[in-house]
Amino acid sequence: MAAPTRSPGSAADHAAASRRSEGAVRRRPQLSDEVAGHLRGSIMSGVLRPGDFIRLDETAVELGVSVTPVREALLTLRGEGMVESAPNRGYRVSPLTRGDIDDIFWLQGQIAVELALRAADRATPADLERLAELNERLRRLVAAPEGVTPDIERIADAEFDFHRELNRIADSPKLAWFLNTAARTIPYRLYARDAEWGTLAIRSHTKLIEAIAAQDHSEVITQTLVQFEDAAARLVVHRERAGVDSPPG
């Protein structure tokens with residue numbers, strides 16, 4: 001499954017990491033993106049439900065940031081149709097239907113298939129070895145020893161690294177940019193804490209690498225799409241179980 005430019009997570013956590021590595025002036029342009037990523041993940045996973053109000057001051061306190069990056073993030077999300085402004089009340093979460101979820105993952109899947117096919121035509125043995133190494137890193141993180149809490153952020157980053165490498169091999173930076181933009185809506189923390197999702201991702205990656213090596217374009221398409229279809233289905237089930245959406249029928 002394609003990954004956004006950073007794995008979604010707590011904006012406060014990412015801000016803390018930025019403080020360790022960057023000064024406040026350099027950190028600020030990135031902080032609104034991190035806040036937007038956090039809010040996207042909350043909206044998609046149903047933590048923030050359609051009709052819920054998102055207020056600047058409350059969100060800033062919750063995330064441990066100033067009001068400015070929250071305001072910038074909400075303006076970005078309004079442009080994406082994820083929130084709508086409510087005069088004197090801040091911003092309200094926009095409706096998100098099952099059809100919307102299907103469309104989001106369908107679009108990502110179509111772009112990802114084209115990138116994977118291009119990667120299949122360009123991949124060298126060294127590229128395949130690198131993909132296998134990255135998939136093995138994901139496998140080790142997902143298969144945490146008994147009693148050890150899986151590192152959600154590292155799992156999400158490992159998934160990102162695999163698909164970033166696949167997109168690099170495809171050598172289609174503009175198309176990869178479109179995919180990364182579309183993939184910003186994926187609530188990666190939701191998936192990264194799901195061991196079944198991790199197992200399926202690893203198995204799909206393995207089959208994808210084998211298909212690329214064999215130049216089996218049909219299987220490349222199948223293994224690329226399976227992750228998006230699975231992710232959409234898992235998200236729908238999660239939202240229904242959380243009481244955000246009602247099951248069909």
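All values below come from the heavy atoms of this structure, side chains included, with hydrogens, waters and symmetry mates left out.
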Smallest separation among heavy atoms of [X] and [Y], with atom names:
X    : Y    : value
A192 : I155 : O-CD1, 3.6 Å
S32  : A73  : O-CB, 3.5 Å
A158 : R137 : CA-NH2, 3.8 Å
A123 : I212 : CB-CG2, 3.7 Å
P247 : E240 : CA-OE2, 3.5 Å
L235 : P187 : CD1-CG, 4.1 Å

Can you name the residues that form a salt bridge (Lys or Arg N to Asp or Glu O under 4.0 Å) with [X], not counting sequence neighbours?
X    : value
R241 : none
E129 : none
E133 : R130

Cluster overlap [X] with [Y], hydrophobic side-chain contacts below 4.5 Å:
X    : Y    : answer
F53  : L48  : no
I202 : L190 : yes
W106 : I111 : yes
V61  : L63  : no
V83  : I104 : yes

Nearest-0.5 Å distance that lies between atom [atom1] in [X] and atom [atom2] in [Y]:
X    : Y    : atom1 : atom2 : answer
L75  : E80  : CG    : CD    : 11.5 Å
H205 : L200 : NE2   : CG    : 9.0 Å
D102 : E229 : CG    : CD    : 10.5 Å
I43  : S94  : CD1   : OG    : 7.5 Å
E84  : Y91  : CD    : OH    : 11.5 Å
L134 : D161 : CG    : CG    : 6.0 Å

(request) Take V93 and M82 through the side chain to side chain contact (heavy atoms under 4.5 Å, CB included) test and state the conclusion after the steps. (result) CA-CA 6 Å; V93 177; M82 299 200 76; over 6 Å; no

Say whether, by atom type as modelled, one donor and one acceptor occur between the side chain of [X] and the main chain of [Y] under 3.5 angstrom.
X    : Y    : result
E165 : L131 : no
R239 : M44  : yes
T59  : R55  : yes
D100 : T97  : yes
S172 : A170 : yes

(request) Please step through side chain to side chain contact (heavy atoms under 4.5 Å, CB included) for the pair F228 and L107, ending with a clear verdict. (result) CA-CA 10 Å; F228 290 95; L107 175 61; over 6 Å; no

(request) Determine whether T76 and R40 make a side-chain contact, defined as any pair of heavy atoms from C-beta on separated by less than 4.5 Å. (result) yes

(message) Side chains of E153 and D151, heavy atoms from C-beta outward: is any pair under 4.5 Å?
(response) yes

(request) Run the salt-bridge test on R122 and D127 with the 4.0 Å N-O cut-off and return the result as yes or no. (result) no

(request) Could you tell me whether D194 and R234 have a side-chain N and a carboxylate O separated by less than 4.0 Å? (result) yes

(request) Tell me yes or no: between the side chains of E219 and Q223, is some donor less than 3.5 Å from an acceptor? (result) yes

(request) Indicate whether any N or O donor in one side chain lies under 3.5 Å from an N or O acceptor in the other, for Q227 and E159. (result) yes

(request) Take R92 and I54, measure what side chain to side chain contact (heavy atoms under 4.5 Å, CB included) needs, and give me the verdict at the end. (result) CA-CA 6 Å; R92 180 171 51 229; I54 305 175; over 6 Å; no

(request) Would you sort out whether R98 and V236 count as a side chain to side chain contact (heavy atoms under 4.5 Å, CB included), showing the intermediate values? (result) CA-CA 7 Å; R98 168 65 187 271; V236 167; 3.3 Å; yes

(message) Would you say CZ of R154 has more than 12 non-hydrogen atoms from neighbouring residues, nucleotides or ligands within 6.0 angstrom?
(response) no

(message) Can you confirm whether Q215 is buried at CD, in the sense that more than 12 heavy atoms of other residues, nucleotides or ligands lie under 6.0 Å from that atom?
(response) yes

(request) Look at the rings of Y191 and F105 and say which category their plane angle falls in: under 30° parallel, 30 to 60° tilted, over 60° perpendicular. (result) perpendicular

(request) Kindly indicate, with the supporting measurements, whether the criterion salt bridge (charged side-chain N to carboxylate O under 4.0 Å, His left out) is fulfilled by D121 and R118. (result) CA-CA 5 Å; D121 291 337; R118 295 184 187 187; over 6 Å; no

(message) Under the side-chain contact (heavy atoms from CB on, under 4.5 Å) test against F162, which residue among N135, N167, L138 passes?
(response) N135

(message) Given T224, which partner from the list L208, L115, L166, L117 fulfils the side-chain contact (heavy atoms from CB on, under 4.5 Å) test?
(response) L208

